[in-house]
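These notes are about the structure you will find just below.
Below, each value reflects all heavy atoms present in this structure, side chains not excepted, and no hydrogens, waters or symmetry copies. All ligand and atom numbering here is 1-based and tracks the order in the structure.
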Amino acid sequence: MEWIADDDVQSEKQHLALISQGVAFVAEGQGHGIVGFLNGEVTPDALHIWQMAVHHQQQGRGIGRHLIEAAQQHAVSTGIHALTLTTFRDVAWNEPYYQRLGHRTLGCESLDPPRCSSTV
Ligand SMILES: CC(C)(COP(=O)(O)OP(=O)(O)OC[C@H]1O[C@@H](n2cnc3c(N)ncnc32)[C@H](O)[C@@H]1OP(=O)(O)O)[C@@H](O)C(=O)NCCC(=O)NCCS
């Protein structure tokens with residue numbers, strides 16, 4: 001998993017662009033400040049989640065699930081019919097986690113060619 005650990009995080013510029021033009025939700029922990037975020041972009045056919053992360057000391061407490069639910073509620077309330085994201089097939093818990101939250105894995109035939117790998 002070194003390549004993920006070494007991967008760049010979203011830049012401040014990317015965060016600001018999604019806050020102003022896309023969607024961004026934060027989770028605030030009592031006395032801990034912001035402990036997680038989810039951001040994404042509204043595409044012609046979906047709200048696409050670009051990134052979600054929860055502070056490592058706060059993981060496993062349902063914060064990620066609540067962030068996804070906030071994105072789902074936003075999509076429903078603004079008439080967006082789909083919530084999409086991509087994840088890693090080779091991280092054992094990733095795909096099942098998003099499936100438990102209501103996502104289904106799309107096959108290549110339903111994706112644009114550039115997005116045709118490891119997509120939920
Ligand atoms: C992925 C992430 C945003 C989820 O946020 P969270 O607040 O921990 O999520 P929740 O508490 O709602 O759910 C945790 C679920 O993920 C699974 N999970 C999270 N991290 C895990 C790990 N390291 N190993 C195994 N399972 C893990 C748990 O099984 C749990 O599933 P369940 O509650 O349905 O049984 C958060 O763990 C994170 O920031 N991880 C580091 C970044 C990362 O791995 N991102 C991958 C994005 S595809």
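- The ligand atoms of ligand 1 that sit less than 4.0 angstrom from a heavy atom of A53 are 3 (C), 39 (O).
- Residues F88 and I49 are members of one and the same hydrophobic cluster, defined by side-chain heavy-atom contacts under 4.5 angstrom among Ile, Leu, Val, Met, Phe, Trp and Tyr.
- Residue, atom and distance of the protein heavy atom nearest to atom 33 (O) of ligand 1 are R100 NH2, 4.7 Å.
- Considering backbone and side-chain N/O of N94, none are found under 3.5 Å from N/O of ligand 1.
- For ligand 1, the atoms sitting less than 4.0 Å from at least one non-hydrogen atom of R65 are 12 (O), numbered in the order shown with element in parentheses.
- Across F37, F88, W93, heavy-atom proximity to atom 44 (O) of ligand 1 is greatest for W93.
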**Report entry** Verdict with reasoning, Q10 to N39, per side-chain contact (heavy atoms from CB on, under 4.5 Å)
**Finding:** CA-CA 10 Å; Q10 275 181 349; N39 62 27; 2.6 Å; yes
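- When non-hydrogen atoms are compared, ligand 1 lies under 4.0 Å from the backbone of R61 (N, CA, C, O) but not from its side chain.
- For atom 1 (C) of ligand 1, a protein heavy-atom neighbour is present inside the 4.0 Å cut-off.
- The option with the heavy atom closest to atom 48 (S) of ligand 1, from among V91, I49, T87, is T87.
- Pairing each heavy atom of L85 with each of H103, the nearest pair is CD2-CE1, 3.6 Å.
- Pairing each heavy atom of V35 with each of G29, the nearest pair is CG2-N, 3.9 Å.
- With a 4.5 Å cut-off on side-chain heavy atoms, M52 and Y98 count as touching.
- Q99 and T105 share a donor-acceptor pair across their side chains, judged by distance under 3.5 Å alone.
- For Y97, a nitrogen or oxygen atom sits less than 3.5 Å from a nitrogen or oxygen atom of ligand 1, counting backbone and side chain alike.
- Protein heavy atom at the shortest distance from atom 38 (C) of ligand 1 is Q59 NE2, 3.4 Å.
- Within the 4.0 Å heavy-atom criterion, the part of Y98 lying near ligand 1 is the side chain and not the backbone.
- For a threshold of 3.5 Å applied to N or O pairs, the pair formed by M52 and ligand 1 contains no separation below that value.
- Scanning all protein heavy atoms for the shortest distance to atom 39 (O) of ligand 1 gives V54 N, 2.8 Å.
- Checking A92, P96, G36, G64 against atom 7 (O) of ligand 1, the nearest heavy atom belongs to G64.
- Ligand 1 places these atoms under 4.0 Å from at least one heavy atom of G60: 6 (P), 7 (O), 8 (O), 11 (O).
- Within the 4.0 Å cut-off (strictly below), a protein heavy atom is located near atom 20 (N) of ligand 1.
- Atom 41 (C) of ligand 1 is approached by the protein to below 4.0 angstrom, counting heavy atoms only.
- Nearest protein neighbour of atom 11 (O) of ligand 1, counting heavy atoms only, is G62 N, 2.7 Å.
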